[in-house]
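Letters go in sequence order (proteins before strands), and every chain restarts at 1.
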Amino acid sequence: MYIQDLHTTEGQKVNLNGWVANKREGKGIVFIILRDGTGYCQCIVTAESAGEDGLATAQSLSLESSITISGLVVKDEKQIGGFELHANAVQVVGKSENYPIAKKEHGIEFLMDQRHLWLRSTRQWAIMKIRNTIIYSIHKYFQDNGFILMDSPIFTGNAVEGTSTLFETDFYGEPAYLSQSGQLYGEAMAMAMGRIYTFGPTFRAEKSKTRRHLSEFWMIEPEMAFCDIFQNMDVIEGMMHAIITDVLDKCQKELEIIGRDTTTLKSSLNKYPRITYDEAVRIIKGEQDVNGQNSIKSLEDELARVLARLIEIDADVADRTAKIAAGNMKKGEINFNQSKIDAMKQERADLEEDERNIPQWIASARNFEYGNDFGGSDETVITRLFDSPIMVYDWPHEVKAFYLNRNPEDTRFARGVDVLAPEGYGEIVGGGERETDEAALVSKINEHKLPMEAFEWYLDLRRYGSVPHSGFGLGLERMVTWVCKLKHVRESIPFPRMYGRLKP
RNA sequence: UCCUCAAUAGCUCAGCCGGUUAGAGCAACUGACUGUUAAUCAGUAGGUCCCUGGUUCGAGUCCAGGUUGGGGAGCCA
């Protein structure tokens, strides 16, 4: 019997297997919050219902002990799953002594070291359930729309785009690199199958230490034959809508657990603004307003809010500290105030970083030089002005990959498209329409000083029945991070691999 | 690689202008409490103040270098 199915057995006696997520005690009564992976259920043990032995066993339980418990299923609206269990027998399966993760705030380094156990906590459970829903939704969208799932190789013989740093491995004595993108192979597969998508791990070796970078992440890369950049954008939007619809529909409980305000998710079911690079630059530099909002002004307002909040926190912390120091406060009240202070100190540390960063972002936006690619802060600046993802297309061809086609009406621009998520999350999708002409591709490869022989097979795709085609890459973890509104991508994947983090 | 912030009890953090024996809360442990949702009460125990060197009568506190971690730039999904 699983906790998620309890609603089918109201009033019946059932057996549950799981772990003690939490325990509270009164004299002669024990409340166990049992978790089994499918949900949470409060189990009540008294001598009356479970006998003296059962009560003693329940009293001796510690956090994360595994148990088998049987009893009567009773409806109780107050409970998270809507039901509780009045136990008449408790059996310990595996003991758990001094479980390291306590019921309080922890620092990130400690939690990352305990990632194998941290995954058991409610918030992480909810995030992983949402991740699962997103993965399922992506597969369903593409399968329902006639895409064929194919896999690109992970070992590659050359550094494809020549830009990012790759992990080098030894392939039977030859150097081989872990794939940074399956896209070129995707193009070959699309010429064979029409519409394909890949879903697999991707590796980037940049020593990036920011909240949106991982060394190993999962990427979904559709590729479509006979498809231009605008049809490509239609597919991106369709996929995003499908994902968000499913999460809103199937993960209400999980979204509530992580405290996700769903307003922006709901407004992200509308059509997404399609903005050219030129227009985006004007918005970033503050030369063009969006819905009456100005990028520079909104950053300045944000900075003012940060400063005001810092003063507020200092006053509040000082106030509570003084009250505690004054004595004659009940112990429970002290605990409550102390945990408030701890939480505010954490918030303060975050705000101080904002205080340092925002002025730099303002300067970077003001001084943005036309022709450059967007930096992380530029993406943040522009997306804060919209209540849904936006699609920025037609980029200066110099800053984009060699394989992108040009806008036929203005060849200064390459037909790349980036999807920027709202609420400051930035790029979650990068894609575009591919170059179809062999000669144009050859000159681009030379321009980027890439080894021509490595691209002979890729050029074959243009020699034998070249067609307009497009595709994109979706970063799964970035999608999960935005949908859950997480502070950092590392919480969006079970075991993150990033600069400085290889364990557990 | 560069910029920036940090490191004190198992955990989260105080520790002022350098001054005697380094503190609090949580967790743990002991005991009390029959409906709790990190908010009951009393008590016990718990320290290589990240490392190395320097300044000083005296360093958790100041200085230099290093290590580890947070955030950002670059690069990207």
| message | Please report the distance, rounded to the nearest Å, between CD in A:E347 and P in B:U12. | response | 18 Å
| What is the distance from CG of A:L299 to P of B:G72, rounded to the nearest Å? | 15 Å
| query | For A:R212, which contact category applies under a 4.0 Å heavy-atom criterion: base, sugar-phosphate, or nothing? | reply | base
| query | Which of these nucleotides, B:U4, B:G71, B:C11, is closest to any side-chain atom of A:F110? | reply | B:C11
| With sugar-phosphate meaning primed atoms plus P, OP1 and OP2, does A:L476 contact a base, only sugar-phosphate, or nothing at under 4.0 Å between heavy atoms? | nothing
| query | Could you give the CZ-to-C1' distance, from A:F374 to B:A77, as a whole number of Å? | reply | 16 Å
| Base partner of B:C62, which must satisfy Watson-Crick or wobble distances under 3.5 Å | B:G54
| said: Whether A:R274 and A:D394 form a salt bridge (side-chain N of Lys/Arg under 4.0 Å from carboxylate O of Asp/Glu) is what I want to check. | reply: no
| request: Please determine, for the side chain of A:S377, which listed nucleotide (B:A73, B:U1, B:U4) has the closest atom? | output: B:A73
| query | Ignoring hydrogens and angles, does a donor from either the side chain of A:Q42 or the base of B:U36 sit under 3.5 Å from an acceptor on the other? | reply | yes
| query | Do A:F374 and A:Y277 have their ring centres less than 6.0 Å from each other? | reply | yes
| message | With a 4.0 Å limit, can you tell me whether A:R204 has a side-chain N or O closer than that to the phosphate oxygens OP1/OP2 of B:C75? | response | no
| request: Could you tell me whether the phosphate oxygens of B:G69, OP1 or OP2, come under 4.0 Å of any side-chain nitrogen or oxygen in A:K209? | output: no
| Which nucleotide in B:A73, B:G35, B:C76 has an atom nearest any side-chain atom of A:E379 | B:C76
| Once you round it to whole Å, what is the distance between C1' of B:C75 and CD of A:E206? | 5 Å
| note | A:W395 atom CH2 is separated from B:C76 atom C1', nearest whole Å, by 12 Å
| Sugar-phosphate only, base, or nothing, as touched by A:E427 at under 4.0 Å among non-hydrogen atoms | sugar-phosphate
| Phosphate contact (B:C13 OP1 or OP2) by A:R348 side-chain N/O below 4.0 Å | no
| In terms of side-chain geometry, is the basic nitrogen of A:K485 or A:E423 positioned less than 4.0 Å from the acidic oxygen of its partner? | yes
| said: If you compare every side-chain N and O of A:H488 against the phosphate oxygens of B:G71 (OP1, OP2), does one of them come in below 4.0 Å? | reply: yes
| field | Stacking of A:F217 on B:A77 base (centres under 5.5 Å, planes under 30°) | value | yes
| Given B:U4, is OP1 or OP2 found less than 4.0 Å from the side-chain N or O atoms of A:Q360? | no
| request: Rounded off to whole Å, could you give me the CZ-to-C1' distance for the A:R356 and B:C3 pair? | output: 11 Å
| message | What's A:L214 touching, base or sugar-phosphate or nothing? Going by heavy atoms closer than 4.0 Å. | response | base
| said: Check for me whether the distance between the ring centres of A:Y197 and A:H139 falls short of 6.0 Å. | reply: yes
| message | Are A:H241 and A:Y272 an aromatic pair, judged by ring center distance below 6.0 Å? | response | yes
| Do any side-chain nitrogens or oxygens of A:R490 fall under 4.0 Å of OP1 or OP2 in B:G70? | yes
| 5' precedence on RNA chain B between A:A102 and A:F31 (nearest-nucleotide basis) | A:A102
| query | At under 4.0 Å between heavy atoms, what does A:L474 touch on the DNA or RNA strands: base, sugar-phosphate, or nothing? | reply | nothing
